[in-house]
Amino acid sequence: MTKLGVNIDHVATLRQARRTFEPDPVMAASLAVLGGADIITVHLREDRRHIQDRDVRLLRETVCTKLNLEMSTAPEIVDIALKTKPEQVTLVPEKRQEITTEGGLDVVSQKKTIMDAVRKFQDAGILVSLFIDAERDQIEAARDVGTQYIELHTGNYANAKDDISKGNMIEKLQEGIKSAHKAGLRVNAGHGLTYQNVGLIVQSLDIEELHIGHSIVSRAVFTGIQNAVSEMKELIIKHLITK
Ligand code: PXP
């Protein structure tokens with residue numbers, strides 16, 4: 001059964017537009033769980049552009065499913081994560097100028113830093129996932145640093161303009177999953193997934209957790225977050241059943 005991870009960063013983006021108290025991502029998380037979210041994800045960025053330290057603290061106290069903290073390997077953020085003890089951390093690359101995470105982590109060139117972080121988290125009983133592109137060398141490096149999960153970047157699939165390019169991206173993800181399973185890694189996926197494009201992913205790929213944010217929060221503006229999450233959850237289940 002593919003699980004649904006809901007990324008609520010953009011609830012905080014709206015709050016931070018006025019630096020006020022609403023809308024509260026902590027309330028969004030509770031409603032997302034009521035709508036069927038299996039996992040709540042937030043990205044505590046070094047520049048604190050959306051999620052704040054207070055959100056992470058309160059989410060740790062209130063999320064009763066799985067809390068997944070997206071983060072860079074900056075020492076300050078690693079310390080916060082070790083103190084907060086989410087069930088899982090997902091290590092991502094982070095650049096100040098980017099609008100959102102733009103590509104997978106380059107594990108090959110940062111093996112030592114990533115391996116040190118993976119060890120610290122695993123010693124603290126926290127699961128680790130590495131957000132990477134479906135490239136064989138990155139998958140092998142992910143295995144070498146000892147992570148349990150990888151999250152395959154689906155952005156190129158989401159941005160593909162026609163069916164042929166989409167098909168090519170699906171094939172690349174399928175090959176990535178095969179290599180990852182051979183390497184003993186568990187596989188999640190996410191980025192750029194929407195109500196329109198999630199079906200082909202569910203139908204074609206063997207994924208444990210799908211991590212979806214922007215599309216769900218966008219729909220929530222009109223329908224409420226509980227409804228938006230349950231619609232996505234039903235869509236995933238429908239595609240799993242007809243697989
Ligand atoms: N997975 C990771 C690692 C991400 O960085 C993001 C974006 O924060 C997502 C999934 C969700 O992407 P989207 O907001 O495009 O659904």
Side-chain angles (χ1 to χ4, degrees), residues 4-63 65-74 76-78 80-81 84 86 88-105 129 131 151 153-156 158-159 188-198 209-233:
L4 173 60
V6 177
N7 181 317
I8 53 169
D9 289 348
H10 294 306
V11 176
T13 301
L14 186 55
R15 178 191 61 192
Q16 295 311 110
R18 288 291 178 92
R19 293 193 166 50
T20 176
F21 60 90
E22 62 184 359
D24 190 342
V26 179
M27 192 184 282
S30 297
L31 292 169
V33 170
L34 283 181
D38 301 293
I39 303 143
I40 295 294
T41 297
V42 288
H43 184 172
L44 184 68
R45 294 187 77 106
E46 291 164 52
D47 63 9
R48 308 297 200 273
R49 68 171 71 158
H50 39 51
I51 292 296
Q52 305 296 305
D53 298 50
R54 161 267 185 208
D55 302 327
V56 175
R57 260 195 326 272
L58 292 180
L59 286 167
R60 175 60 301 174
E61 285 181 25
T62 53
V63 171
T65 53
K66 180 178 188 179
L67 181 62
N68 174 42
L69 186 64
E70 264 183 41
M71 52 178 286
S72 71
T73 52
E76 181 217 358
I77 305 290
V78 171
I80 292 172
T84 307
Q88 180 168 295
V89 294
T90 299
L91 301 183
V92 301
E94 198 175 301
K95 294 190 215 110
R96 295 253 158 173
Q97 305 308 327
E98 68 193 355
I99 294 173
T100 179
T101 316
E102 279 166 2
L105 199 58
S129 177
F131 182 57
E151 178 179 334
H153 189 316
T154 50
N156 288 337
N159 292 333
N188 303 333
H191 213 281
L193 298 179
T194 65
Y195 297 85
Q196 290 75 32
N197 68 20
V198 76
E209 300 172 356
L210 283 175
H211 291 279
I212 309 179
H214 187 264
S215 183
I216 291 177
V217 174
S218 300
R219 184 165 292 203
V221 170
F222 303 109
T223 67
I225 194 148
Q226 189 175 334
N227 285 330
V229 171
S230 68
E231 278 179 52
M232 182 61 83
K233 179 94 176 198

Does [X] use its side chain to pair, donor to acceptor, with the backbone of [Y] at less than 3.5 Å?
{"X": "E46", "Y": "A74", "value": "no"}
{"X": "R18", "Y": "R15", "value": "no"}
{"X": "Q16", "Y": "L14", "value": "no"}
{"X": "N197", "Y": "T194", "value": "yes"}

Ignoring hydrogens, what is the shortest heavy-atom contact between [X] and [Y]? Give both atom names and the distance.
{"X": "Q52", "Y": "L44", "result": "C-CD1, 3.9 Å"}
{"X": "I8", "Y": "A29", "result": "CD1-CB, 3.8 Å"}
{"X": "I212", "Y": "V198", "result": "CD1-CG2, 4.1 Å"}
{"X": "V6", "Y": "A37", "result": "CG2-CB, 3.6 Å"}
{"X": "P93", "Y": "G103", "result": "CG-O, 3.1 Å"}
{"X": "I40", "Y": "A32", "result": "CD1-CB, 3.8 Å"}

Heavy-atom check, side chain of [X] versus side chain of [Y], under 4.5 Å:
{"X": "N7", "Y": "E70", "answer": "yes"}
{"X": "L105", "Y": "V92", "answer": "no"}
{"X": "T41", "Y": "T90", "answer": "no"}
{"X": "I51", "Y": "H43", "answer": "no"}
{"X": "F131", "Y": "H211", "answer": "no"}
{"X": "R54", "Y": "V26", "answer": "yes"}

Quick one: [atom1] on [X] to [atom2] on [Y], what's the gap to the nearest 0.5 Å?
{"X": "Y195", "Y": "R219", "atom1": "OH", "atom2": "CZ", "answer": "5.0 Å"}
{"X": "K233", "Y": "L4", "atom1": "NZ", "atom2": "CG", "answer": "6.5 Å"}
{"X": "T154", "Y": "L210", "atom1": "OG1", "atom2": "CG", "answer": "8.0 Å"}
{"X": "R60", "Y": "I80", "atom1": "CZ", "atom2": "CD1", "answer": "15.0 Å"}
{"X": "I39", "Y": "N188", "atom1": "CD1", "atom2": "CG", "answer": "7.0 Å"}
{"X": "N227", "Y": "F222", "atom1": "CG", "atom2": "CZ", "answer": "14.0 Å"}

Item checked: Evaluation steps, side-chain contact (heavy atoms from CB on, under 4.5 Å), between D55 and V42 -> CA-CA 9 Å; D55 302 327; V42 288; over 6 Å; no
Next item on the list: List in chain and number order the residues that pass side-chain hydrogen bond (donor to acceptor under 3.5 Å, both in side chains) with D53, two or more places apart in sequence or in another chain; answer none if no residue qualifies.
Entry: R48
Next item on the list: Under the salt bridge (charged side-chain N to carboxylate O under 4.0 Å, His left out) rule, collect the residues that match up with E209, sequence neighbours excluded.
Entry: K66
